[in-house]
Amino acid sequence: MNGALSVTEHADLRELNTLAIAARARYLIRIAGVDDLTAALAWAEARELDTLVLGGGSNLVFAGDFDGAVLHIQIRGRHWEKVNGDDAVLVLGAGENWHEAVLYAARSGYRGIENLALIPGTAGAAPVQNIGAYGVELGDTLVSVTALDRVTRGVVTLAAGDCQLGYRDSLFKRQPGRYIILELRLKLSRSLPLKLDYRDLQDYLGDTDVNALTPLEVAEAVMAVRHRKLPDPAVLPNAGSFFKNPVINQVAFERLQERFPGVVFYPVEQGVKLAAAWLIDQAGWKGFRNTRVGIHNRQALVLINHSGGSGAEVLALADEVRRSVQETFGVELEMEPGVVGAR
Ligand code: EPU
């Protein structure tokens with residue numbers, strides 16, 4: 001302990017990252033609110049330590065130990081603000097568990113984030129990569145993000161339109177380290193149309209009368225679909241999709257489709273988005289396993305740490321997969337999770 005700050009030295013991070021990589025932090029500091037955060041930043045600065053902001057640890061790979069101060073964000077709190085007819089704004093502390101927040105909103109009858117059920121991680125991490133699943137992205141409901149700006153050292157509220165949200169992308173990813181998210185606001189509604197057009201969801205719902213569905217039932221359908229394909233990190237440690245779905249231009253796509261007529265794709269504004277899972281699967285990686293790390297046997301986009309693999313092993317496998325997809329299809333895959341710690 002250090003004054004009011006909770007500081008642990010040489011902390012084991014295995015339980016704090018969903019890939020269960022056994023890295024260590026020189027210091028681990030619990031952050032329960034903005035006061036802890038400013039105190040921890042001053043504490044780290046006085047010791048000339050690097051800092052790392054950690055939420056649920058579901059979108060990062062520890063390549064090695066972190067020789068600095070890990071700020072473990074545990075800022076709690078959720079409440080409704082501006083309830084107005086069918087609409088309401090849900091305010092979430094950055095350390096709230098995302099999935100619990102989804103269930104809370106859905107149980108209250110509010111729609112907007114039910115398709116994002118079971119995404120691991122914290123609310124504060126959600127805007128960083130603009131989490132998305134089953135046809136919905138966080139950006140569809142995000143009103144604003146309140147954060148500590150490490151450049152101006154003030155607390156700022158950024159409107160969603162200023163967060164540069166894109167596919168698995170945001171201002172927070174583009175200017176890493178600048179903003180530390182404290183709170184977010186989501187605009188939900190009791191009457192918003194449900195989004196049920198994603199194929200896996202339609203297949204699951206079959207003949208169900210979709211007009212009679214509640215947001216909680218949709219969340220439950222999403223959970224069932226995810227359980228079928230995506231591994232539970234508590235059982236098979238993983239960081240969700242390990243690569244983004246790559247976007248290529250129309251000309252390159254037509255050439256690719258000539259050679260591989262089965263290629264799975266979605267037209268997007270900037271060209272054509274390819275299903276990275278299909279590319280990895282076709283390149284023969286699905287279900288691959290070396291001694292400690294491997295590729296999930298039901299979703300080729302997910303790397304698994306089967307038994308105590310290191311970050312280096314996970315990254316070596318990711319490199320092999322990338323090389324192989326590049327050689328087979330001429331397509332570059334970009335990693336989704338961030339890499340931290342000494343390599
Ligand atoms: N496919 C294969 N082999 C596989 C898996 C999928 O060929 O092993 C093909 C199928 O044709 C399938 C297509 O790839 O139709 C797309 O697969 P899926 O519907 O599972 O979606 P995805 O594009 O692989 C994305 C997100 C997921 C999200 C799902 C559902 C990214 C990087 N991933 O996966 O997000 O849950 O859509 O919306 O955009 C995450 O970000 O961690 C994540 C899990």
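As the structure is a computational prediction, the values presented were derived from the model and not from experiment. Each ligand, and each atom within it, is numbered from 1 in the order the structure gives. All values below were derived from every heavy atom in this structure, side-chain atoms included, with hydrogens, water molecules and symmetry-related copies excluded.
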Visitor: Considering distance alone, does some N or O of Ala300 sit under 3.5 Å from an N or O of ligand 1?
Guide: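 In this structure, Ala300 places an N or O atom under 3.5 Å from an N or O of ligand 1.
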
Visitor: Quick one: do Val218 and Tyr134 satisfy side chain to side chain contact (heavy atoms under 4.5 Å, CB included)? Show the steps, please.
Guide: CA-CA 11 Å; Val218 175; Tyr134 308 102; over 6 Å; no

Visitor: Using a 6.0 Å distance limit plus a 45 degree cone around the ring axis, check whether Lys273 lies over the aromatic ring of Phe265.
Guide: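 That pair does not qualify as a cation-pi contact.
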
Visitor: Answer with side chain, backbone, both or neither: which part of Arg199 has a heavy atom less than 4.0 angstrom from an atom of ligand 1?
Guide: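 No part of Arg199 is near ligand 1 at this cut-off.
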
Visitor: Does ligand 1 have an atom under 4.0 Å from some heavy atom of Tyr266?
Guide: yes

Visitor: For the residue pair Arg190 and Tyr110, would you count it as a cation-pi contact if the rule is NZ or CZ under 6.0 angstrom from the ring centre and within 45 degrees of the ring axis?
Guide: yes

Visitor: Hey, is ligand 1 close enough to Asn245 that some N/O pair sits below 3.5 Å?
Guide: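 Yes, since at least one N or O of Asn245 sits under 3.5 Å from an N or O of ligand 1.
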
Visitor: Where is the nearest protein heavy atom to atom 15 (O) of ligand 1: which residue, which atom, and how far?
Guide: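 Answer for atom 15 (O) of ligand 1: Val264 CG1, 4.5 Å.
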
Visitor: Could you pull out the closest heavy-atom pair between Arg111 and Pro215, with the gap in Å?
Guide: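 Between these two residues, the closest heavy atoms are CG-CG, 3.8 Å.
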
Visitor: I would like to know whether Leu13 and Phe62 meet side chain to side chain contact (heavy atoms under 4.5 Å, CB included); could you show each step before the answer?
Guide: CA-CA 9 Å; Leu13 300 170; Phe62 280 105; 3.6 Å; yes

Visitor: Out of all atoms in ligand 1, which are within 4.0 Å of some heavy atom of Gly240? Include the element for each.
Guide: 42 (O)

Visitor: Heavy atom to atom 7 (O) of ligand 1, shortest distance: which of Trp278, Phe242, Tyr198 holds it?
Guide: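 Minimum heavy-atom distance to atom 7 (O) of ligand 1 goes to Trp278.
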
Visitor: When you check the side-chain N and O atoms of Ser324 and Trp285, is any donor under 3.5 Å from an acceptor?
Guide: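 There is such a pair between these side chains.
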
Visitor: Is any NZ, NE, NH1 or NH2 atom of the basic residue among Lys244 and Glu332 found under 4.0 Å from an Asp or Glu carboxylate oxygen of the other?
Guide: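 Answer for the salt bridge query: no.
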
Visitor: Using a strict 4.0 Å cut-off to heavy atoms of Arg226, name the atoms of ligand 1 that fall inside it.
Guide: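 Per the distance check, 36 (O).
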
Visitor: Which of these, Tyr167, Phe243, Tyr134, has its nearest heavy atom closest to atom 31 (C) of ligand 1?
Guide: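 The nearest heavy atom belongs to Tyr167.
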
Visitor: For atom 27 (C) of ligand 1, is some protein heavy-atom partner under 4.0 Å away?
Guide: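 Yes, there is one.
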
Visitor: Residue-level breakdown please: for Arg168 versus ligand 1, do any non-hydrogen atoms fall below 4.0 Å on the side chain, on the backbone, on both, or on neither?
Guide: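 It is the side chain that touches ligand 1; the backbone stays farther off.
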
Visitor: Nearest to atom 5 (C) of ligand 1, what protein heavy atom do you find, and at what distance?
Guide: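 Result: Ala277 CB, 3.4 Å.
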
Visitor: What atoms of ligand 1 come within less than 4.0 Å of a heavy atom belonging to Ala133?
Guide: 36 (O), 38 (O)

Visitor: Would one find an N or O of Gln299, backbone or side chain, under 3.5 Å from an N or O of ligand 1?
Guide: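 Yes.
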
Visitor: What do you think, any protein heavy atom under 4.0 angstrom from atom 12 (C) of ligand 1?
Guide: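 Flag for atom 12 (C) of ligand 1 set to false, no protein heavy atom closer than 4.0 Å.
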
Visitor: Please determine, by modelled atom types, if Thr146 and Thr157 share a side-chain donor-acceptor pair under 3.5 angstrom.
Guide: yes

Visitor: Considering only protein heavy atoms, which is closest to atom 2 (C) of ligand 1, and at what distance to one decimal place?
Guide: Asp281 OD2, 3.6 Å

Visitor: Under a 3.5 Å cutoff, is there a donor and acceptor pairing between the side chains of Asn130 and Ser170?
Guide: no

Visitor: Closest approach of Tyr198 and Gly135, non-hydrogen atoms and distance?
Guide: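 So the minimum-distance heavy-atom pair works out to CD1-N, 3.8 Å.
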
Visitor: Which residue owns the protein heavy atom closest to atom 40 (C) of ligand 1, what's the atom, and how far is it?
Guide: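 The closest heavy atom on the protein side is Ser241 OG, 3.1 Å.
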
Visitor: Which of the numbered atoms in ligand 1 are under 4.0 angstrom from any heavy atom belonging to Lys286?
Guide: 3 (N), 4 (C), 8 (O)

Visitor: Does this structure show an ion pair linking Asp36 with Arg30, if we count only N-O contacts that are shorter than 4.0 Å?
Guide: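 No.
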
Visitor: Any idea which part of Ala275 is under 4.0 Å from ligand 1, heavy-atom wise: side chain, backbone, both or neither?
Guide: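 Side chain only.
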
Visitor: What pair of heavy atoms forms the shortest contact from Asn115 to Val222, and how long is it?
Guide: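 Answer, listing the atom of Asn115 first, then Val222: O-CG1, 3.5 Å.
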
